[in-house]
Amino acid sequence: MATDAPPFKPSPFFDAGIKPVPDSLALLHLRRDQLEPLTLHSSAEHADGYAEGAVKNTRFGSFPHSTLLESQWGRQVRASKVDTGSRGRKKRKLDEAVSEASDSQALKTAEQAGTGFVHLLPPTPETWTISLPHRTQVVYNPDYSYVLQRLQVRPGQTILEAGGGSGSFTHAAARAVFNGYPTQTQPRFGKVCTFEYHEPRAENLKKELEEHGLDSIVRVTHRDVYEDGFLIHQPDAPQQSPDANAVFLDLPAPWMALRNLTRHRLSSETARIVADSSSAAGQASPDAEKDTSDSTQPSANTEEQDTSRPFVSPLDPNSPIHLCTFSPCIEQVIATVAAMRRLGWTEIDMVEVMHKRIDVRRERVGLHEEGLRGVNATAATVDEAVGRLREVEGKFKEWHQVSKAKSQAVQNGTAEDAHLPHDNFSSKQARLDRIKKELGARKIFSEGRLVHRTEPDIKTHTSYLVFAVLPADWSEEQEQACRAKWPVHGKVTVDYDSGKKQKKKKNL
């Protein structure tokens, strides 16, 4: 029986398995805030002069790829001893190294070093966001997780992304819509259509997605969406609609792309008004004045629309469309909201994202905490401070009396026969020993008051997210079919004079 298996290897972002496989992506966890991506190789072709094969050198030691491929995800991998000195002296050519070690069996077995280790982690959108090469401003995990939740993204849907950039949101969106690889038996599969105006960035993003096994889910297009829209161009075929269910715009001027996200062709008057307001907003925006010569900042096209070709909408006609725009300044938000209202978007909402990590702990203050670690041994109340002062004054007077008694005994010659109290009653060590002894009977977990402090160490951007919904079309035929299926036998009206509800016995 013929199988319907995909003609490509699965992506490690969807199923990484128990351990890495050759020619796949892995992440080395060096420190809490430092991850490094690495493509693992098992052949001698990538040895680069090392007898152990391909080797990754870090500040924590050298790690041959063979030791990483033998380890499971999440395990600690110890550094190995590699002969970097001989590699530098010989300066062998790559073809000579390949001829000496033609296969992985001929590679030298790595010897474990005394110190140094890393942790091997599988690739996920979160870890990739931390370690990816930055080509543009990155949408971090706190931002895109909230965006995908507000867009109500589900497996099997289609997302349009304008401004692919470094691919952080692209990877997260691909996982959110994934419901299987495209096959003949599954024509409706989740996909991401990302558009990038800058051609080198688009090529780099496309290459990364192919290496990550996401090229069957994500379609990268080099295009100016301000002018050319969001349709899919096929060779020797008419333009096709991606039937998008959600849209994410990370653009310098998102209001200029909204005119291409409509269900019907705009009238000439509406198109002119939107174009004029977009141009005025672009001139007023401070970001638009930073670098007018930048090729990534195209201008609005105010020419008349080409009505000779049939109109094709990039949106799904059978579902409402959820949209989000990512803007760094409030001027862009004002222009975007104005264009949304003109074009029929509803439920417009703006959210300012500012992320902080909150560390909650108990603050224990008091003189009964003296000598304990992690506490502030100061008086908690005025009464406690006054009590300690009185105690010190009393002990000071008592010490003076003892000293005076000792002096008199010496003068009288009876110092050896007098049994005077020692002055160790005011010893601080005795008080600390008493506090430590009482510590075992205390319930420290419930003492003190709850306090918190914020840690600004979460990688994110202060941003303005504008959300909106474009309702699905509702024709007169659909209205009549709905009335026929669910008839209304009466209508509730309000008598404004009496304030009481009345029901008319009349069929609609």
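All of these numbers come straight from a predicted model, not from anything done at the bench.
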Got His29 and Thr127 here, is their nearest side-chain heavy-atom distance under 4.5 Å?
no

Can you tell me how far apart CZ (Phe178) and CG (Asp15) are? Round to the nearest 0.5 Å.
9.0 Å

Here the pair of heavy atoms bringing Pro133 nearest to Ser166 is O-OG, 3.8 Å

Return the minimal non-hydrogen interatomic distance between Asn179 and Pro155, and the atom names on each side.
CB-CB, 3.9 Å

Spatial distance of atom OG (Ser24) from atom CG (Leu40) [nearest 0.5 Å]
5.5 Å

Check Glu126 with Arg175, please: is the shortest side-chain N to carboxylate O separation under 4.0 Å?
yes

Under 3.5 Å, side chain of Asp349 to main-chain N/O of Val466, donor-acceptor pair present?
no

Check whether any side-chain N or O of Asp143 sits under 3.5 Å from a backbone N or O of Val139 as a donor-acceptor pair, and report yes or no.
no

I want to check something: taking the side chain as every heavy atom from C-beta on, are Thr136 and His198 in contact at a cut-off of under 4.5 Å?
no

Evaluation steps, side chain to side chain donor-acceptor pair (under 3.5 Å), between Thr39 and Glu211:
CA-CA 9 Å; Thr39 301; Glu211 294 175 351; 5.1 Å; no

Find the distance between OG1 (Thr158) and CG (Leu315) and round it off to the nearest 0.5 Å.
11.0 Å

Determine whether a donor-acceptor pair (N or O, by modelled atom type, separation under 3.5 Å) exists between the side chain of Ser313 and the backbone of Thr262.
yes

Value rounded to 0.5 Å, distance of CG in Leu27 from OG in Ser131
4.5 Å

Do the ring centers of Phe60 and Phe117 come within less than 6.0 Å of each other?
no

Answer yes if the side chains of Asn57 and Ser62 hold a donor-acceptor pair under 3.5 Å, and no otherwise.
yes

Please determine whether salt bridge (Lys or Arg N to Asp or Glu O under 4.0 Å) holds for the pair Lys19 and Glu70, giving the CA-CA distance in whole Å, both sets of side-chain angles, and the decisive distance to 0.1 Å.
CA-CA 8 Å; Lys19 56 192 303 186; Glu70 295 172 356; over 6 Å; no

Using side-chain contact (heavy atoms from CB on, under 4.5 Å), reason through Leu323 and Leu249 one step at a time and then give a plain yes or no.
CA-CA 8 Å; Leu323 178 140; Leu249 301 179; 4.3 Å; yes

Please report the closest heavy-atom contact between Tyr226 and Pro252, naming both atoms and the distance.
OH-CD, 3.5 Å

Among Leu121, Leu25, Leu120, Leu68, which residue meets the side chain to side chain contact (heavy atoms under 4.5 Å, CB included) test with Pro20?
Leu120

Side chain proximity check, Leu214 to His171, heavy atoms < 4.5 angstrom
yes

Is Lys191 atom NZ crowded by more than 12 heavy atoms from other residues, nucleotides or ligands, each under 6.0 Å away?
yes

Using every non-hydrogen atom in the two residues, find where Gly190 and Ile217 come nearest and quote the distance to one decimal.
O-CG2, 3.6 Å

Walk me through whether Trp255 and Gln332 qualify under side-chain contact (heavy atoms from CB on, under 4.5 Å).
CA-CA 8 Å; Trp255 60 89; Gln332 296 179 0; 3.8 Å; yes

Is the closest side-chain heavy-atom distance between Pro471 and Thr346 below 4.5 Å?
yes

Do we see a donor-acceptor contact under 3.5 Å between the side chains of His222 and Glu196?
no

Is the backbone N or O of Asn141 less than 3.5 Å from a side-chain atom of Tyr146, with the two atoms forming a donor-acceptor pair by type?
no

Answer yes if the ring centres of His264 and Phe311 are under 6.0 angstrom apart, and no otherwise.
no

Evaluate side-chain contact (heavy atoms from CB on, under 4.5 Å) for Phe189 paired with Ser216, printing each intermediate quantity in order.
CA-CA 10 Å; Phe189 60 93; Ser216 61; over 6 Å; no

What are the two closest heavy atoms between Leu231 and Ser241, and how far apart are they?
CD2-CA, 4.1 Å

Do Val225 and Leu251 have side chains that approach each other closer than 4.5 Å (heavy atoms only, starting at C-beta)?
yes

CD (Glu210) and CG (Leu205) are apart, to the nearest 0.5 Å, by 10.0 Å

Assess the side chains of Asp228 and His233: does a donor N or O sit below 3.5 Å from an acceptor N or O?
no

Any heavy-atom pair between the side chains of Arg223 and Tyr197 that's under 4.5 Å?
no

Check: Arg263 side chain, Leu470 main-chain N or O, donor-acceptor pair, under 3.5 Å
yes

Could you tell me if the side chain of Trp128 sits less than 4.5 Å from the side chain of Phe13, heavy atoms only?
yes

So does His212 get a backbone contact from the side chain of Ser11, meaning a donor-acceptor N/O pair under 3.5 Å?
yes

Any idea how His65 and His41 line up, ring-wise: parallel (<30°), tilted (30 to 60°), or perpendicular (>60°)?
parallel

Pairwise side-chain contact, Leu261 with Phe230, heavy-atom cut-off 4.5 Å (strictly under)
yes

Can you see whether Phe467 has Arg150 sitting over its ring - NZ or CZ less than 6.0 Å from the centre and within 45° of the normal?
yes

What is the distance from atom OG1 of Thr58 to atom NZ of Lys56, rounded to the nearest 0.5 Å?
8.0 Å

Looking just at side-chain N and O atoms, do Asn245 and His322 make a donor-acceptor pair shorter than 3.5 Å?
no

Go through it in stages, so that I can follow the logic: the residues are Arg135 and Glu208, the test is salt bridge (Lys or Arg N to Asp or Glu O under 4.0 Å), and I'd like the CA-CA distance, side-chain angles, deciding distance and then a yes or no.
CA-CA 13 Å; Arg135 295 183 288 268; Glu208 286 179 353; 2.9 Å; yes

Give a yes or no answer on whether the side chain of Arg59 reaches the backbone of Leu30 with a donor-acceptor pair at less than 3.5 Å.
no

Only counting residues at least two apart or in another chain, list the ones meeting side chain to side chain contact (heavy atoms under 4.5 Å, CB included) with Ala246.
Leu151, Val153, Ile159

Considering all heavy atoms of both residues, which atom of Pro142 and which atom of Ser145 are nearest to each other, and what is their separation?
O-OG, 3.4 Å

Excluding sequence neighbours, so at least two apart, what forms ring pair (Phe, Tyr, Trp, His ring centres under 6.0 Å) with Phe169?
Phe248

Determine whether Gln112 and Thr67 satisfy the following criterion, side-chain contact (heavy atoms from CB on, under 4.5 Å), listing intermediate values before the conclusion.
CA-CA 10 Å; Gln112 190 177 101; Thr67 60; over 6 Å; no

Identify whether the distance between the nearest side-chain nitrogen and carboxylate oxygen of Arg31 and Glu36 falls below 4.0 Å.
no

